[in-house]
Amino acid sequence: MAQALLEQIINGTMMGSIYMLVALGMVLIYGVMHVLNFAHGVLFMVGGYVCHFFFTQVLDSYLLAILGSMAVLSVIGLALERGVFRRLRDNLRMQVIASLGLILVIQNGVIAIWGPNALQMRITTTDIRVPIGELSFTLQHFLIIGTVGVTVTAIWLFLTRTRIGTALRATSQNAEAAQVVGIDANRMYVASFLIGCALAALGGALLGPLFLIFPTMGDLPLLKGLAAIIIGGMGSIPGAIIGGLGIGIVEAVSTLYIPTDFRDTVVFAALIAVLLLRPQGLFGVRVRGEA
Amino acid sequence: MAALLEIRDISKAFGGIQALDGVDVAIDAPGIYGLIGPNGAGKTTLFDVVCGRQVADRGEVRAEGRAVGRLSPDRLARLGFARTFQECRVFPDETCLDNVLFGAQDKRLGVEWRQLLTRGMGARSARRDEAMRLLTLVRLDTYADRPAAALSYGQRRLLEIVSTLIARPRFLLLDEPASGINPTLLNVLHDFLLKMYEERPIVFLVVEHNMPFIMSLASHIVVMHQGRVLTTGSPADIQRDPAVIDAYLG
């Protein structure tokens with residue numbers, strides 16, 4: 001039993017790391033722009049496809065393919081902020097509708113380019129096995145956990161130690177107060193979108209080789225990432241990190257006790273439980289006037 | 001020579017309500033200027049226009065001869081305009097010290113990297129010392145490492161004012177700084193503002209309803225009523241002016 005538990009904890013940490021990336025990207029955008037970008041899942045998926053394209057057609061280096069995918073998604077993020085979300089700045093409902101519309105456009109765009117069938121990406125780290133006791137994992141598992149650990153630490157340092165990071169934090173806490181001390185809000189909106197999209201690309205590029213790359217591969221990470229930021233507390237970065245990791249581990253460990261098909265049920269039951277017991281989320285703050 | 005701050009023929013309407021109706025104010029020298037008037041006189045709207053939060057329907061704002069009426073709040077901030085709000089705005093999750101240090105940062109792009117290369121640590125510790133000095137003056141030094149959310153309403157107001165002053169603005173607009181502050185903190189605020197003006201003679205423009213506070217603080221008073229400037233003068237003259245008394249009593 002202990003072996004099985006350890007196995008699921010490592011599996012869960014790996015998937016939780018992916019959810020963490022999705023949640024962190026969404027929470028950065030939500031914190032600064034106060035818009036939930038439902039297209040984040042398809043951006044994650046595009047990250048996987050672009051990484052596959054770079055790896056198989058251009059670079060033949062997984063690391064460079066990941067970086068290329070992050071760069072391309074940053075540019076896409078920039079274009080989406082400028083072309084779509086900035087124009088709908090004062091209309092939150094339309095921003096949400098636009099992000100839902102983007103799912104259709106991007107998903108079908110990907111199908112038009114790459115076709116509806118799943119793509120496989122063979123890299124060495126998915127073939128190398130790492131034994132732990134009697135268990136064995138792919139090296140990709142640990143590459144994902146390590147990369148996400150380093151990325152999250154880097155984002156944390158960026159947000160707390162650099163001027164732009166501080167400006168992002170300030171804008172998310174009080175946009176108007178940030179503006180009157182000289183922060184250009186437009187630049188912060190662009191920065192949050194750019195970083196959020198690059199993180200989505202990193203997630204897709206890391207998970208793609210382990211499973212397959214297909215047009216709906218971002219749907220579940222989106223829902224789990226969304227659950228993570230609600231459980232963690234909307235707008236809270238530590239909440240997104242703990243929420244993402246927690247969901248990954250809980251869903252993996254739950255498969256020891258209940259049929260695998262029900263693991264999503266466990267996650268969303270946990271979400272409902274948190275909403276009932278602590279509606280503001282684990283790290284969220286209840287705002288006066290809210291029930 | 002151009003006036004330090006010139007507000008010329010500013011009008012602003014919200015739907016059918018004429019909030020500002022041809023406001024002219026010229027400030028030729030540094031000083032503490034009080035802006036008073038009954039509720040709805042247009043004081044906050046005038047602040048919003050000067051600080052770029054609202055664009056006037058007509059008229060212009062000039063700072064040292066330069067038209068600034070259509071600049072965004074962040075650009076105005078970089079030109080030396082700072083303001084506080086009626087509803088206090090601080091960064092609640094940051095410590096009091098970080099709130100102040102954030103106001104002190106140079107927001108120009110690339111400055112951080114240049115400072116890293118040129119070992120800007122001296123500048124950073126000087127800013128920190130200055131931030132602590134200002135926090136001590138408003139008796140918030142013991143709260144320096146606590147999040148701003150832990151402060152009382154009055155203390156947050158003081159923190160907001162310190163955060164704006166540390167950026168060394170040339171024009172500081174305070175919107176009802178005394179509201180919600182207890183009498184002890186009010187004295188602290190009064191002495192602090194006078195000391196700051198002594199140290200750095202800039203333009204303070206203060207909207208205030210607390211008459212004893214503003215009359216003892218300001219050297220000049222501008223009275224607004226129904227979107228227009230009713231009169232201007234020294235505090236003593238204003239307190240004797242029957243038109244002002246009429247405006248307040250309706």
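Keep in mind the model is a prediction, meaning the values are calculated, not measured. Just so we're on the same page: letters track the sequence lines, and every chain starts at 1.
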Looking at A:Ala170, is its backbone amide N or carbonyl O close enough to the side chain of B:Glu94 to form a donor-acceptor pair, meaning the two atoms are under 3.5 Å apart?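 No, the answer is negative, given that no donor and acceptor are paired below the 3.5 Å cut-off.
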On a heavy-atom basis, which atom in B:Ala77 and which in A:Gln179 lie closest, and how many Å separate them? CB-O, 4.0 Å
If you compare all heavy atoms of A:Ile183 against all heavy atoms of B:Asp74, which two are closest, and at what distance to 0.1 Å? O-CB, 3.0 Å
Are more than 12 heavy atoms from other residues, nucleotides or ligands located less than 6.0 Å from atom [atom1] of [X]?
X        : atom1 : value
B:Arg200 : CZ    : yes
B:Tyr197 : OH    : yes
B:Arg133 : CZ    : yes
B:Ile17  : CD1   : no
B:Arg75  : CZ    : no

Is B:Phe85 in contact with chain A via its backbone, its side chain, both, or neither, using a 4.5 Å heavy-atom distance? side chain
Would you say B:Phe91 and A:Thr171 make side-chain contact, with heavy atoms under 4.5 Å?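 Side-chain contact under 4.5 Å: no.
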Could you check if a side-chain atom of A:Glu176 sits within less than 4.5 angstrom of a side-chain atom of B:Arg53, using non-hydrogen atoms only?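 In short, these two side chains touch, coming nearer than 4.5 Å.
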Rounded to the nearest 0.5 Å, what's the gap from CG on A:Asp184 to OG on B:Ser72? Could you check? 6.5 Å
Separation between OG (A:Ser172) and CG (B:Asp93), nearest 0.5 Å, reads 7.5 Å
